[in-house]
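Ligands are counted one by one from 1 in listed order, and the atoms in each one are counted from 1 as well.
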Amino acid sequence: MPIILGVPRETLSGERRVAIIPRQCELLRKSQIEVVVEGSAGVEAGFPDEAYVARGARLSNRASIFEEASIIAQVRCLGANAEAGRGDLPLLRRGQALVGFGEPLTALKGCADLAETGVSFFAMELMPRITRAQSMDALSSMATISGYRAVLLAASQLQKIFPMLMTAAGTITPAKVFVLGAGVAGLQAIATAKRLGAVVSAYDVRPAVKEQVESVGAKFVMLDVDSKASEDKGGYAKAMDEAFYRRQRELLTEVLREQDVVITTAAVPGKKAPILITEEMVSAMPAGSVVVDIAVERGGNCELTQAGETIIRDGVTIIGPLNLPSMAPYHASQMYAANISAFIKLLVRDSALHINLEDEIVRETLVTHEGRIVHPRVTELLKTSSQATEKEVKV
Ligand code: NAD
């Protein structure tokens with residue numbers, strides 16, 4: 001008998017992605033995994049119920065899915081869906097696995113609540129960035145879509161067009177785009193802006209990125225800051241001290257004066273995004289320019305950004321888009337489904353749930369298990385946050 005993978009409909013308002021697309025149902029079946037999908041789970045992403053059935057999935061209602069599935073796949077588990085996600089808590093149980101995004105390094109209460117249900121929760125955000133896990137790297141997949149969509153948002157908001165044109169009506173100079181933070185999203189933003197014909201430059205705190213920026217056709221802007229110690233052993237940026245960020249802001253002010261569009265993506269895992277653009281810096285930017293702050297969900301790189309809003313300050317438009325991957329739900333779901341399916345196959349042996357803690361990928365993504373939070377980083381963060389609360393109470 002195959003093991004059952006349940007795919008409930010996403011419940012966060014505005015979330016249009018789905019965790020598993022029809023094609024994956026067929027592929028999973030070959031690994032003895034049967035997919036049971038909640039009715040209309042994929043509709044908003046462009047995958048109607050009939051397409052699931054045609055690929056061998058079964059349709060069911062939410063409560064039955066949670067009851068019969070050994071593994072539940074979601075885009076947003078509790079933590080990444082703070083309010084509506086609570087509705088699923090009574091449906092989860094010990095001996096069941098839950099796989100999806102859950103913001104485990106910031107949504108600590110969500111982790112604690114999941115632990116109480118007994119469910120084994122695997123957070124896709126914690127996927128180690130090792131070669132074997134590349135096919136499961138959902139953060140990279142979603143960042144790719146975000147970088148692309150951010151540039152389209154900027155292009156449609158800008159009063160200018162991106163490409164250089166030489167016409168009978170005169171010459172139009174190309175738009176200047178600056179990408180701040182050139183990780184996965186930033187590199188995709190560069191590539192997209194280049195394809196639209198802009199002149200693109202970029203900066204990242206990690207010096208190793210220079211070559212990658214140049215390989216997608218942008219100029220790397222060097223800032224005179226000592227960033228040798230800015231990368232951790234996982235290839236991510238480390239949090240720097242305030243003096244470092246202050247110096248960065250000073251130098252960036254001059255760069256920003258020249259730009260039509262600024263896309264900001266700078267982030268440090270598990271931390272609030274650094275403020276790299278202040279109100280003062282915005283007022284020094286040309287009127288009519290546009291900032292798209294992709295880091296908004298982690299607090300934003302621009303101090304004026306408002307989550308989910310577009311504001312205009314001193315003639316500069318600042319956009320703080322929420323959930324960019326959901327704006328291209330078809331391909332975002334296709335990529336996510338491929339990532340999550342590759343991971344789920346690691347959890348199944350002989351048609352049963354098998355949590356092999358010897359496997360680095362399984363161990364590093366496991367947040368809650370048998371009623372406890374088991375991930376050392378999350379446990380540590382919980383300890384620090386409860387100590388901070390204790391101090392507040394004493395004061
Ligand atoms: P991220 O979303 O955490 O951060 C985005 C970018 O912001 C990073 O490039 C970071 O260096 C940059 N940043 C942070 N603070 C900054 C500051 N003060 N000023 C300027 N830039 C700042 O990172 P990400 O995009 O998820 O990926 C980070 C790295 O991991 C990249 O090198 C990426 O290529 C690498 N990666 C490796 C694998 C793999 O090996 N499987 C997969 C995906 C990504």
Side-chain heavy-atom pair Leu27, Ser341 within 4.5 angstrom cut-off
no

Any donor-acceptor N or O pair under 3.5 Å, side chains Asp88, Gln74:
yes

Can you confirm whether Glu67 is buried at CD, in the sense that more than 12 heavy atoms of other residues, nucleotides or ligands lie under 6.0 Å from that atom?
no

Taking only Lys NZ, Arg NE, NH1 and NH2, and the carboxylate oxygens of Asp or Glu, determine whether Glu34 and Arg58 approach each other closer than 4.0 Å.
yes

Mind telling me whether Tyr330 and Phe47 have parallel, tilted or perpendicular rings, with 30° and 60° as the class edges?
parallel

Positive for side-chain hydrogen bond (donor to acceptor under 3.5 Å, both in side chains) with Asn323, one of Arg149, Arg17, Glu297
Arg17

One line per pair, note the atom names and distance for all nitrogen or oxygen contacts under 3.5 Å between ligand 1 and the protein.
residue	atom	partner	partner atom	Å
ligand 1	2 (O)	Arg298	NH2	3.3
ligand 1	4 (O)	Ala267	O	3.4
ligand 1	7 (O)	Ala267	N	3.3
ligand 1	9 (O)	Gly183	N	3.2
ligand 1	9 (O)	Asp204	OD2	2.7
ligand 1	9 (O)	Arg206	NH2	2.7
ligand 1	11 (O)	Asp204	OD1	2.7
ligand 1	11 (O)	Asp204	OD2	3.3
ligand 1	11 (O)	Arg206	NE	2.7
ligand 1	18 (N)	Gln248	OE1	3.1
ligand 1	19 (N)	Gln248	NE2	3.0
ligand 1	21 (N)	Val205	N	3.3
ligand 1	25 (O)	Val184	N	2.7
ligand 1	26 (O)	Arg129	NH1	2.8
ligand 1	26 (O)	Arg129	NH2	3.2
ligand 1	27 (O)	Arg129	NH1	3.0
ligand 1	30 (O)	Arg129	NH1	3.3
ligand 1	32 (O)	Arg206	NH1	2.8
ligand 1	32 (O)	Arg206	NH2	3.1

